[in-house]
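Quick caveat, the model's predicted, so the values are computed rather than measured.
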Protein chains: 2
Amino acid sequence: MFDIRHLRYFLAVAEEGNVTRAAEQLGLQQPPLSQQIKALEQELDVQLFRRKPRGMELTDAGRALQVDAKHILGHMAKARAKVERTARGEQGNVVVGFTSSAPFHPFLPRLFRLFGERFPHVSLTLEEHGTTELVEGLRAETIDAAFVRSPVAESHGLSVHAISIEPMFVALPNNHPLAPVPGVDNFPPLALEDLADEPFILYRRHTGPGFYDLIIAACNRAGFTPKIAQEAPRLISTLNLVAAGLGVTLAPESLRSLQLEGVAYRSLKSDPGLTAPLNLACRAVDHSAAARRFVEMARAEARATKAAKEDGGNNNA
Amino acid sequence: MFDIRHLRYFLAVAEEGNVTRAAEQLGLQQPPLSQQIKALEQELDVQLFRRKPRGMELTDAGRALQVDAKHILGHMAKARAKVERTARGEQGNVVVGFTSSAPFHPFLPRLFRLFGERFPHVSLTLEEHGTTELVEGLRAETIDAAFVRSPVAESHGLSVHAISIEPMFVALPNNHPLAPVPGVDNFPPLALEDLADEPFILYRRHTGPGFYDLIIAACNRAGFTPKIAQEAPRLISTLNLVAAGLGVTLAPESLRSLQLEGVAYRSLKSDPGLTAPLNLACRAVDHSAAARRFVEMARAEARATKAAKEDGGNNNA
DNA sequence: ACATGGCATATAAATATCATATGGATAATG
DNA sequence: CATTATCCATATGATATTTATATGCCATGT
């Protein structure tokens, strides 16, 4: 097999039409270049040049090779660049998983947009799954990073980064006695114990245990055990069931932006234990450079967002 | 610069996921293969594999390279094949020139068709020029082979192959006294001296001196000097001028197939000196393999045609 | 005729590649 | 828990390939 050097040498001679000048340009002497050209011709068993007293002239076969040789060299240069970009995390693919509630948080679309601008050669693959599947996916390396709402255990080679902590709000059917009257503002925050006798609709525990347990625990702290009317497979489904009048639920702040027919929202008296975290989980080691870039950017953006918010709340810090 | 060998080695390891087995498959020992992989990684300044106790696993950068490496190797194989085909004359381009009268000879379309079937990767470029330009073109290597009607001098590095020798016929205006009456067959061949007083229309001498001189010479042999009424720039134009009643002309047999309004044809008493040769001229040396193939096929086909004709005329030879 | 430009050949040195032998690390097994 | 097996990395000497120097040969142009 002939190699790249042969092609480089060949191209130089083809373009100069002169071994001596080509050798000069390649930084070697004329005899070895003549030899290498001859070796290439023997390897291909084809005459590539006609030797003329004034220099070398391509044969038809040589001209045919010239075209391909250029392409191949170009292709190699491109391959090299691609490899290097990939290694720097500037090219590749990152599989981002998230639970059903995560994409309503404005952080995600913003991050995706920013990442796409900063790393245009990295494609993002988005996958929605339950928390359990997400963690499995991280382990199995089918997912590179996952937005989850529960505090996934850091053990087992996963690391978890806090992105945001949101307060929860209450979602009630429109016609519920505790629902705010439309048009009237400034309803005071509800206390959790006001909901002691209400049927609760919760996100199915086995899909995402974090939320479920969080709410149960908060209710217990508030002095009651909630009555579970129904479990829903996705966080949004709980709101649909609320709309149907089957009960009430608690949901993180960011879900408030979607205005569902028949659902009324009320804030909740703050309970430091009852918050909806948004976390980004990834493998502690073994991630691709592109995935690393993604997580880095997510953390930086989360810090920036948090700083901006604190600054906004406390302007003369 | 890394070369093809590196890529071959890399691909083998990438596909086996195991240096030892890859080495075996490549027909070398494990240590040098390990070394070459390492060398490639250093050259690219990128880690291509993760070393695991069970073997080697591609990194993202490695995966990126794997794709390109396959393409590049495939491209090299294709380039090699193309060069070899070109050298064998099975790929390329042949520039075929011809004078204006040549394409009416059935030999040309037949040859073009046969050649296209036999050498599908060779493209033919057809160019019509005067004989002078054709010869210049052959010299300047802008034309590879040329069909001419005159016996081009073999000297000056050109070789000429006889393709066909056609008798000439007389073209007369429809209303000429010598013109055959339509509907009546079997007009005897005219003798050249019958045309002694007719105005002649001839193919312009400087465009293609062969024909011109041939006719003048034949007339001289027949005992008269023809009266040149007009010269035409192309052989077909002479027939058009005949149609316009400006005179008579002589043309090779194959032109008889085009039936022009106002032109009548009569055969001519055979004169061994007054024939229209169809010749194929090419450079004696220095032709591409594809051009060589073309000329070879033309000569073979000419021989076959001649044999068939002789056989047809003299069936019990 | 002679000088010039340019490729080919010969030989020796430098470099790259390979095989053999061996070390070290991790996972599977008794 | 020690042992074995597997597999990659390193060291070193051998071999092959590539390069440089010196020189020859041929055609061209003056």
Could you state the [atom1]-[atom2] distance from [X] to [N], rounded to the nearest angstrom?
{"X": "A:Leu28", "N": "C:dT15", "atom1": "CG", "atom2": "C1'", "result": "14 Å"}
{"X": "B:Leu26", "N": "C:dC18", "atom1": "CG", "atom2": "C1'", "result": "13 Å"}
{"X": "B:Glu24", "N": "C:dA19", "atom1": "CD", "atom2": "C1'", "result": "15 Å"}
{"X": "A:Lys52", "N": "C:dA8", "atom1": "NZ", "atom2": "P", "result": "15 Å"}
{"X": "B:Ile37", "N": "D:dC7", "atom1": "CD1", "atom2": "P", "result": "16 Å"}
{"X": "A:Leu48", "N": "C:dC7", "atom1": "CG", "atom2": "P", "result": "15 Å"}
{"X": "A:Arg51", "N": "C:dA8", "atom1": "CZ", "atom2": "C1'", "result": "9 Å"}
{"X": "B:Leu33", "N": "C:dT20", "atom1": "CG", "atom2": "P", "result": "15 Å"}

Under 4.0 Å between a side-chain N/O of [X] and OP1 or OP2 of [N], yes or no?
{"X": "B:Asn18", "N": "D:dC8", "result": "yes"}
{"X": "B:Lys38", "N": "D:dC8", "result": "no"}
{"X": "B:Arg5", "N": "C:dT17", "result": "yes"}
{"X": "A:Gln35", "N": "C:dT9", "result": "no"}
{"X": "A:Gln36", "N": "D:dT19", "result": "yes"}
{"X": "B:Thr20", "N": "D:dC8", "result": "yes"}

Please tell me which of the listed nucleotides, D:dA9, C:dA8, C:dG6, lies nearest to the side chain of A:Ser34?
C:dA8

Out of C:dC7, C:dC18, D:dC8, minimum distance to the side chain of B:Met56 belongs to D:dC8

Is a side-chain N or O of A:Arg283 found less than 3.5 angstrom from the main chain of A:Leu138, in a donor-acceptor match?
yes

Do B:Arg118 side-chain atoms and B:Gly116 backbone N/O form a donor-acceptor pair below 3.5 Å?
no

Angle class for the A:Phe294/A:Phe115 ring planes (parallel below 30°, perpendicular above 60°, tilted otherwise)?
perpendicular

Do we see a donor-acceptor contact under 3.5 Å between the side chains of A:Asn93 and A:Thr125?
yes

Whichever of A:Gln30 and A:His6 has the more 5' nearest nucleotide on DNA chain D, that residue is A:His6

Applying a 4.0 Å non-hydrogen cut-off, can you work out what B:Tyr9 is touching in the nucleic acid: base, sugar-phosphate, or nothing?
sugar-phosphate

Counting any heavy atom closer than 4.0 Å, what does A:Pro32 reach on the DNA or RNA strands: base, sugar-phosphate only, or nothing?
base

Kindly state each residue pair satisfying salt bridge (charged side-chain N to carboxylate O under 4.0 Å, His left out) with at least one member in residues 65-79 of chain A, sequence neighbours excluded.
A:Asp68-B:Lys82

With nearest nucleotide decided by heavy atoms, which residue, A:Pro31 or A:Pro53, maps closer to the 5′ end of DNA chain C?
A:Pro53

